[in-house]
Amino acid sequence: MLKQLHHSLVTKGPSFLRVPAQWVPFSVKQTVLLNALSKVFHEALEDGDFEFLEDRWLEVSVIDLGLTAYVSYANDALVVAQTCEQVDVCFSGTANDLILIAARKEDPDTLFFQRRLAISGDTELGLEVKNLMDSVDWAALPKPMTVMLEQLAQFIEAGMTYTAEPEHAYKN
């Protein structure tokens with residue numbers, strides 16, 4: 001019973017968060033996203049590794065939450081916008097899958113070939129973004145961030161692996 005509830009929370013939870021997520025003002029989402037990206041990519045930003053994204057736009061869509069953000073690089077800093085006229089590359093997936101990628105529990109290539117992660121547009125730019133994500137030194141991230149991400153990913157993994165027992169199964 002608890003495993004079934006866990007499975008339901010993981011598989012249906014994001015859809016319950018869709019409406020509240022839509023009510024959050026974009027300025028709040030933008031601030032949270034910029035702070036998280038700045039922490040995760042601190043070294044890459046200092047080294048100028050995002051120059052390839054200058055005057056180019058990356059769309060990130062969390063399908064089941066109905067959230068989309070556009071990311072670029074200008075004046076030695078990341079930029080997050082609510083709208084964009086010209087998207088160069090788009091990454092889209094479910095909240096669960098994107099969390100598993102961020103926690104390095106799932107490989108983006110594997111999810112792409114399983115059609116759980118969609119990448120469209122300039123594939124060369126998409127590969128540069130993926131390689132930059134792969135280069136992040138997770139040991140250098142703030143401990144609370146990595147612990148939270150790890151625990152959330154473990155919760156998702158455990159909930160996704162649940163399979164219901166047939167009702168006719170013999171029980172002791």
Is there a side-chain contact between K130 and I101, using heavy atoms and a 4.5 Å cut-off? no

Once you round to the nearest 0.5 Å, how far does CG of L58 lie from CG of D88? 9.0 Å

Looking only at atom types and distance, does a side-chain atom of D107 sit under 3.5 Å from a main-chain N or O of D109, one as donor and one as acceptor? yes

Between V79 and V71, is there a shared hydrophobic cluster once you connect ILVMFWY residues whose side-chain heavy atoms come closer than 4.5 Å? no

M145 vs V40, side-chain contact (heavy atoms from CB on, under 4.5 Å): CA-CA, chis, key distance, verdict: CA-CA 9 Å; M145 179 184 275; V40 170; 3.8 Å; yes

According to a 4.5 Å side-chain heavy-atom criterion applied to Ile, Leu, Val, Met, Phe, Trp and Tyr, with indirect links allowed, do L9 and M160 form part of one hydrophobic cluster? yes

Mark yes when over 12 heavy atoms from residues, nucleotides or ligands other than E43 sit less than 6.0 Å from its CD; otherwise mark no. no

Give a yes or no on whether the backbone of I63 and the side-chain of R18 come within a donor-acceptor separation of less than 3.5 Å. yes

Same cluster for W138 and L98 if Ile/Leu/Val/Met/Phe/Trp/Tyr side chains link at under 4.5 Å? yes

Is any side-chain heavy atom of D64 closer than 4.5 Å to one of L17? no

Is any side-chain heavy atom of L45 less than 4.5 Å from a side-chain heavy atom of D76? no

What one should report as the nearest heavy-atom pair of T161 and A158 is OG1-O, 2.9 Å

Evaluate side-chain contact (heavy atoms from CB on, under 4.5 Å) for F155 paired with H6, printing each intermediate quantity in order. CA-CA 8 Å; F155 182 81; H6 183 179; 3.3 Å; yes

I'd like to check I156 versus K105 (side-chain heavy atoms, cut-off strictly below 4.5 Å). Are they in contact? no

With clusters defined by side-chain heavy atoms of hydrophobic residues (ILVMFWY) lying less than 4.5 Å apart, directly or transitively, does L67 cluster with Y70? no

Non-hydrogen side-chain atoms of T68 and E59 separated by less than 4.5 Å: yes

Are F26 and L33 close enough that some pair of their side-chain heavy atoms sits under 4.5 Å apart? no

K39 and P142: which non-hydrogen atoms are nearest, and at how many Å? CD-CG, 4.0 Å

I'd like to know if the side chain of Q30 reaches the main chain of P25, judged simply by a donor and an acceptor atom lying under 3.5 Å from each other, with no hydrogens or angles considered. no

Could you point out which residue of V32, L37, T31 forms a side chain to side chain contact (heavy atoms under 4.5 Å, CB included) with N35? T31

Assess whether side-chain contact (heavy atoms from CB on, under 4.5 Å) is satisfied between L100 and E157, documenting all intermediate values. CA-CA 8 Å; L100 292 174; E157 280 183 317; 3.7 Å; yes

Quick check for you: to the nearest 0.5 Å, what is the distance between F41 atom CZ and D137 atom CG? 12.5 Å

Are W57 and L125 connected in a single hydrophobic cluster, I mean Ile/Leu/Val/Met/Phe/Trp/Tyr linked by side-chain heavy atoms less than 4.5 Å apart? no

Close side-chain approach of E106 and L117, heavy atoms under 4.5 Å: no

Check: V89 and R56 side chains under 4.5 Å, non-hydrogen atoms: no

Using a cut-off of 6.0 Å, state whether more than 12 heavy atoms not belonging to Q114 lie near its atom CD. yes

To the nearest 0.5 Å, atom CG of L111 lies from atom CZ of F91 at 12.0 Å

Parallel under 30°, tilted from 30 to 60°, perpendicular over 60°: which one fits the rings of F50 and Y73? parallel

Does atom CG of D134 have more than 12 heavy-atom neighbours, drawn from other residues, nucleotides or ligands, at distances under 6.0 Å? yes

Would you find more than 12 non-hydrogen atoms of other residues, nucleotides or ligands less than 6.0 Å from Q22 atom CD? yes

Give, for atom CD of E150 and atom NZ of K143, the distance between the pair rounded to the nearest 0.5 Å. 9.5 Å

